[in-house]
Number of protein chains: 2
Amino acid sequence: MSNRDYLGEFEHIVLLAVLRLDDQAYGVTVRREIEVRTKREVSIGAIYATLDRLEAKGYVQSRPGDPTPERGGRSKRFFRVTAPGVSAIHRTHRAIRSLAEGLDLLGSRL
Amino acid sequence: MSNRDYLGEFEHIVLLAVLRLDDQAYGVTVRREIEVRTKREVSIGAIYATLDRLEAKGYVQSRPGDPTPERGGRSKRFFRVTAPGVSAIHRTHRAIRSLAEGLDLLGSRL
DNA sequence: GTCAATTTCCTCTATATTGTAGAGGTAATG
DNA sequence: CATTACCTCTACAATATAGAGGAAATTGAC
């Protein structure tokens with residue numbers, strides 16, 4: 001296993017999406033959330049590969065969902081962010097902020 | 001060339017360091033700035049490889065520095081962030097903010 | 001009931017791009 | 001020519017990304 005302390009760029013995005021979706025986070029919704037919020041198109045494969053990596057690191061946890069009464073559909077795999085996952089977000093944000101603060105980034109406030 | 005629009009995690013860090021160092025950005029100072037601000041150790045090789053990639057993408061530009069009157073020392077290669085580089089930072093920050101805002105990230109304000 | 005069509009979601013494989021370290025070479029100065 | 005400060009190169013590990021295709025669920029025709 002890696003010893004990396006920081007989230008990769010896409011890992012970061014995906015982790016935030018899972019956090020934001022709360023108990024409705026699974027592959028398809030995570031993808032949609034990212035596309036809607038960032039206007040960035042991502043493949044479903046990219047989502048799951050990243051989710052798997054985040055799970056391997058202990059930053060998210062997954063559980064199988066019960067079938068829903070909708071037409072069709074394989075049962076979902078739900079994800080939630082763990083405490084270490086939240087810490088990783090904080091570390092990453094701190095690193096960025098430490099270098100960005102004070103810079104005149106046109107009101108970017110990040 | 002790639003079509004990636006977003007900065008990788010380390011590219012992001014390095015680009016911010018160059019921006020912050022203004023006209024004093026070269027390999028050694030970039031490395032030091034990152035280490036001091038983020039408490040993260042990085043090898044000099046990692047710095048230059050990333051700087052080279054950022055230059056290939058047009059996000060930074062380098063120019064050779066004149067020799068200084070200090071004892072020893074090969075002449076420096078100075079870097080500065082280009083306008084597209086600043087845009088890349090903005091895009092990246094916007095993407096993060098769009099997913100982070102509204103979340104209760106314990107006052108993380110990012 | 002059961003079978004096939006349909007739907008929604010997930011798994012897997014393969015490749016490109018980034019991240020990372022460190023050995024070793026190069027251009028200065030006194 | 002010894003010493004110093006900096007940079008280049010190479011090699012490998014981890015992350016990012018796409019997309020084809022398989023799996024599980026529901027519904028309706030028979």
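Predicted, not measured: the structure shown is a model, and the values here were computed from it. The chains referred to below are lettered A, B, ... by the order of the sequence lines, with proteins before strands, and numbering in each begins at 1.
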Tell me, do Tyr59(B) and Leu7(B) make a side-chain contact under 4.5 Å, heavy atoms counted? yes
Decide, yes or no, whether a salt bridge links Asp52(A) with Arg77(A) under the criterion of side-chain N to carboxylate O below 4.0 Å. yes
Using a cut-off of less than 4.0 Å, is there contact between a side-chain N or O of Lys57(A) and OP1 or OP2 of dT15(D)? yes
Between the side chains of Glu55(A) and Ser62(A), is a donor N or O closer than 3.5 angstrom to an acceptor N or O? yes
For DNA chain C, which residues of residues 25-39 of chain A approach it to below 4.0 angstrom with any heavy atom? Tyr26(A), Gly27(A), Val28(A)
Is a side-chain N or O of Glu11(A) found less than 3.5 angstrom from the main chain of Gly8(A), in a donor-acceptor match? yes
Please evaluate the base of dA13(D) for a donor-acceptor partner in the side chain of Arg4(A) within a cut-off of under 3.5 Å? no
Are Glu41(A) and Glu35(A) close enough that some pair of their side-chain heavy atoms sits under 4.5 Å apart? yes
In whole angstrom, give the distance that lies between atom CG of Leu51(A) and atom P of dT17(D). 14 Å
Using atom CD of Glu9(B) as one end and atom P of dT17(C) as the other, report the distance to the nearest whole Å. 19 Å
Glu11(A) atom CD is separated from dG19(C) atom C1', nearest whole Å, by 12 Å
Nearest-nucleotide check on DNA chain D, Tyr6(A) vs Val42(A); residue mapping nearer the 5' end is Tyr6(A)
Give one of base, sugar-phosphate or nothing for Gly8(B), where a contact means two heavy atoms less than 4.0 Å apart. sugar-phosphate
Side-chain contact, heavy-atom cut-off 4.5 Å: Phe79(A) with Leu51(A)? yes
